[in-house]
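As structure tokens, the structure follows; a few thoughts come after it.
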Amino acid sequence: MPRYQPSRIEPKWQDWWAARGTFASARLPTGRKAYILDMFPYPSGDGLHVGHPEGYTATDIVTRFERMRGTSVMHPMGFDAFGLPAEEYAIRTGTPPRESTERNIATFTRQLRMLGFSYDWDRVLATTDPGYVRWTQWIFLVLFDTWFDPVQGKGRPIAELPIPPEVAGEGEPAVARYRDAHRLAYQSEAPVNWCPALGTVLANEEVIGGVSERGGHPVVRLPLRQWMLRITAYADRLERELEGLDWPASIKKLQCDWIGRSTGAEVDFLILTAGAPAETIRNAFEQWKRDRAETGFPKKPGDDVLRVYTTRPDTLYGVTCMVVAPEHPLVDILTSPAQRNEITAYRDLAARKSDLDRTDLARGKTGVFTGSHVVHPLTGRPIPVWVADYVLATYGTGAIMSVPAHDDRDHEFARTFGLEVVTVVEPADGSAVPAGELFAGDGRAVASGPYTGLTTREFIVQVAADLAAAGLGRPAVNYKLRDWLFSRQRFWGEPFPILHEIDADGNPTGMIRAVDASELPVNLPELTDFRPGDTPDPPLSRSGPEWLYVERDGRRYRRETNTMPQWAGSCWYYLRFLDPKNEDRFLDPGIEQAWMPVDLYIGGAEHAVLHLLYSRFWHKVLFDRGHVSHPEPFGKLVNQGMILGEMEFTGYRSGKGGWVSAEQRGAEDVSAKVPADQVEKQGEHFVLRDAPKIRVESRAYKMSKSRGNVVNPDQVVRDFGADSLRLYEMFMGPLEATKPWSTAGVSGVRGFLDRCWRLVVDERADDLCLAPQVCDDPPTDEHLREINRTIDKVTRDIQSLSFNTAIARMMEFVNFCTPLERRPRAILEPFVTILAPFAPHLAEELWELLGRTAPVSLAAWPSVEEKWLKDDTVEIPVQIQGKLRGRVVMPADADAEAMKAAAAADPRIAEQLAGKEIVKVVAVPGRLVNFVVKG
RNA sequence: GCGAGAGUGGCGAAACUGGCAGACGCGCUGGAUUUAGGUUCCAGUGCCGCAAGGCGUGCGGGUUCGACUCCCGCCUCUCGCACCA
């Protein structure tokens, strides 16, 4: 009764590999190396879902393949274990996060082992390990110790920061403050996204449409002291150095857009004293221009001017109003006494508005006139200044020149408040845009003084130069990317290795110092109460004094009580895998040089921007500081597609209980799942079998607990085996595609593995033994053609990650072998070898049965004998007028003339060509013949 | 609204660089084995048609001897982004 029993052989081989350390990676590679990495999982309480094994199986196949080809492989796994869910679970149940995290990691580890992935488990790490946290904190200290030198375009030690003499003259505290203001890790009192429900501040990236990404809770803006990382300093390099990476173009573009580089100009507008006579204004303006011509454009604008950033300086003559953000520092100065109440009310409202109100729903423009004017630097005309929240304080200068004729936001604003629309650009093709209408494209300047007639491009270059010469403006570059808000008011994260000096009364002096690297890690204190408060005061501040207060060099300090975000640990885990037990440094330089960069990185597209951008940023800082040898961490990146739930048919019932056709359903009709056997296809749509007038929707949905369509890998392994799960996920379709789950499909590949088993094993025997068909006969030419073609196809398909077609080819091979009365080992053995990366447990078992003692996992990948890939004769399709009319067998190497002759000689073709004039014959050697005829 | 990707049998899909559309799997039909079901094995299976033949890769055009593949214009779906001046 030796049937294929995955439940018997899979644990057997997992134990075998583990006991012998079959998949341990060497400290250093010998010869060719391949660092093949999965995005490590967050160990949630739900365990693995079927999405995880998709990418993990893909990398495992490549790893096993490379290993069998003699490549030194690095293939580690770990856990991204800090983060909110563990903490929320802790709050709910009173379990310390470390306990639940460890339990979850144990579950994940069991499940990953159950799937037979060939990780080097000696390298496993969790971001929460004290030995890992230590080096995460150490990297933070590197960031803290680094400033970005714009001249060299790289990060340098803070000790090398030039101190301006006037700062040095003010004494040591001023120098310290100056340094602190230039570090890549710095504190800021910026408005942040405070989420009362989660009790934490969130990064801009964690706020989606005004609500928290996790949980969908409202978010309000609040000024708070925060740790920031100066990622904007690296914006330029993060964008430019994407170019050389072997990443999907779409991911590169996403990162590019996120960084959002734009070029334009900054322009200063002189602020007018309210109510001054025209003459005074003119004089002040002329005086200001004379001053500027002399002093040039100041680095920072004074209180007397409003500075704007624009990408379209060519529309300067169309400016009809200025708009500043409600948070703009000059709003107070600009507000006239008459407008003060209104402006104050508007600013309060804007401050209380969540991002949701400001962006998503309330699309309509709001704003208030300040009562002030500025002078147009080119025309000298007064321009009114407004406050409106469609202008963002955090982008550019927080103020814009409004050009209603050529910017749709300004156009909407002007229309809302009845402001003037002045056209200064016309389409280059001469087509007319009606007066007062919007034209946002490039074109030719009109009504623009000396610039009239220039193209948009010429104008921008010219006016930027003129403004710069006059000291009124300068070319400028802006990025959408903001500095990275790096602190969280949470318990379950890495503590910052930072001390705040306090005076005798316990109040902070504003001086900070880094914890010495030798004292790392700063461990989390023991807390019984993890709950966030109603205020943004972090849980760590409730820690006992023995953790909170420390003394160094005779001064008293209070520890930083914010913690790092979950991203911190995932920013550098790929480095620690290479040297996970090093107690002296975060990574040995020799090991780093030998293994980096990562050769293949597979994971979900949801990390397209954040994780990958943050990692690249940290990596570049480490590179600048000489800790790693490559500027980029991940050479080739692939995103696996999402696996959806099984296809579902949904019908709709009206309140009265009758069916409603899907396209006619109303809001009150309720949906109902319809079993697949009650549905049939009619034309474009599916309809009810019993009521063909009723259309039903057919769709696969994202797996979710609430929908109840989640597939559990444990269940699949129990029902079909790990090899079947692996193979099915690879057979479903292209790795990158989104595809629906199908349990019938799993049983299909299980059938294939059953046939593989029976190819080698005698299923009728009482004991496990070889099938009687297995023999030592020398293989025939046909056998050799089959096996060589299979090896060839599988080899090429693994390299292009086309696992679905590789599996299809192996199925064809098994279909070829199954009817054979005699199956030579000479073709079975190479087949088992190439099956091994896909279905490793089954392959090991068959390999052992075939009499091998060394594991197939370490066997040599079979080579292809080229001569078996070519056919002597081929069947060539013959077309007339591009339509298939017959097939002719001819030698594979027949030239075009021979092919034409052979095709024309075919009786069937000859008959159809009879009486027709042949205009042209196309013959492609080895492919086809096509007759073009007339009549 | 902007951007990206996709649309091929009943279903998941395949098709190298413009050259036989539908490999492989599921499902379905028939047959053999079996007391029977299941399993296994064999054969068939794009649609219409008795057949000859015709029609077929979301829709409409175009280029070409030849188009799933290239170009233009639409439609639908999925996923991102969303006042960044």
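Here the structure is a predicted model, which is why all the values come from computation and not from measurement. Quick note on labels: first sequence line is chain A, next is B, and so on, each numbered from 1.
Atoms CE (A/M810) and C1' (B/A23) sit 15 Å apart, rounded to a whole Å. We find that CH2 of A/W258 is positioned 16 Å from C1' of B/C2, with the value rounded to whole Å. Separating the OH atom of A/Y4 from the P atom of B/U40 is a distance of 14 Å, rounded to the nearest angstrom. Rounding to whole angstrom units, CD of residue A/E736 and P of B/C79 are separated by 18 Å. One atom, CZ of A/F413, and another, P of B/A85, lie 18 Å apart when rounded to the nearest Å. In this structure, A/E606 atom CD and B/C79 atom P are separated by 13 Å, rounded to whole Å. As a whole-Å value, the separation of A/R689 CZ from B/C28 P is 12 Å. Computed from coordinates, the A/L727 CG to B/C26 P distance equals 12 Å when rounded to whole Å.
Residue contacts shown for A/R809 are absent, as no nucleic acid heavy atom lies under 4.0 Å away. In this structure, A/R261 reaches neither bases nor backbone, as no heavy-atom distance under 4.0 Å exists between it and the strands shown. Within 4.0 Å of A/R755, counting heavy atoms only, lie sugar-phosphate atoms of the nucleic acid but no base atom. Residue contacts shown for A/S262 are limited to sugar-phosphate atoms, with no base heavy atom under 4.0 Å away. Heavy atoms of A/E680 sit nowhere under 4.0 angstrom from any nucleic acid atom.
Distance noted for atom C1' between B/U40 and B/U34: 10 Å (whole Å). Atom P of B/G54 sits at a distance of 23 Å from the matching atom of B/G58, rounded to the whole Å. For B/U69 and B/G19, the P atoms lie 11 Å apart once the distance is rounded to whole Å. Spacing of P atoms, B/G3 relative to B/C74, comes out at 13 Å, to the nearest Å. Atom name P, nucleotides B/G9 and B/C48: the rounded distance is 14 Å, in whole Å. Comparing the C1' positions of B/C81 and B/C72 gives an interatomic distance of 28 Å, to the nearest angstrom. With P as the reference atom, B/A51 and B/G7 are 33 Å apart, rounded to whole Å. Comparing B/C41 with B/C50, their P atoms are spaced 35 Å from each other, to the whole Å.
Considering only the side chain of A/K365, B/C83 comes nearest among B/C83, B/G25, B/A85. The side chain of A/K920 sits closest to B/C65 out of B/A85, B/C65, B/U78.
Across all strands shown, B/U64 remains unpaired; no Watson-Crick or G-U wobble contact has both distances below 3.5 Å. Base pairing of B/C16: no nucleotide in any strand meets the Watson-Crick or G-U wobble criterion (both distances under 3.5 Å). Partner assigned to B/C74 is B/G58, using Watson-Crick or G-U wobble distances below 3.5 angstrom. Across all strands shown, B/G44 pairs with B/C28; the Watson-Crick or G-U wobble distances both stay below 3.5 Å. Using Watson-Crick or G-U wobble geometry with both donor-acceptor distances under 3.5 Å, B/G3 finds its partner in B/C79.
In terms of position on RNA chain B, the residue among A/A808 and A/D408 whose nearest nucleotide sits closer to the 5' end is A/A808. Nearest-nucleotide positions on RNA chain B place A/I807 closer to the 5' end than the other of A/T310 and A/I807.
A salt bridge is absent between A/K252 and A/E239; no separation between the charged side-chain nitrogens and carboxylate oxygens falls under 4.0 Å. Salt-bridge check for A/R764 with A/D762: failed, with every basic side-chain N at 4.0 Å or more from each acidic carboxylate O. The existence of a salt bridge linking A/R789 and A/D871 is confirmed by a sub-4.0 Å separation between a basic side-chain nitrogen and an acidic carboxylate oxygen. Ion pairing of A/E648 with A/R707 is present here, as a side-chain N (NZ or NE/NH1/NH2) and a carboxylate O approach within less than 4.0 Å. Look at A/E412 and A/R415 and you find no salt bridge, because none of the NZ, NE, NH1 or NH2 atoms lies under 4.0 Å from a carboxylate O.
Taking side-chain N and O atoms only, A/N815 has no distance below 4.0 Å to OP1 or OP2 of B/A23. For the pair A/Y390 and B/A85, the criterion of a side-chain N or O lying under 4.0 Å from OP1 or OP2 is not met. Phosphate contact (OP1/OP2 of B/A82, side-chain N/O of A/K480, threshold under 4.0 Å): absent. Phosphate contact (OP1/OP2 of B/C41, side-chain N/O of A/R758, threshold under 4.0 Å): present.
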Per-nucleotide protein contact along nucleotides 4-19 of chain B, 5' to 3', at a 4.0 Å heavy-atom cut-off (B base, S sugar-phosphate only, - neither), is S-----SSBSS-B--B
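Using a 4.5 Å cut-off on side-chain heavy atoms (C-beta onward), A/T873 and A/M890 make no contact. Residues A/E54 and A/I643 meet the side-chain proximity criterion, which asks for heavy atoms closer than 4.5 Å.
Under the 30°/60° scheme for interplanar angles, the aromatic rings of A/H376 and A/F269 are found to stand perpendicular.
With a glycosidic angle further than 90° from 0, B/G31 counts as anti.
You'll find the ring centres of A/F649 and A/F686 inside the 6.0 Å limit.
Geometrically, A/K365 engages A/Y390 in a cation-pi contact defined by less than 6.0 Å to the ring centre and at most 45° from the axis.
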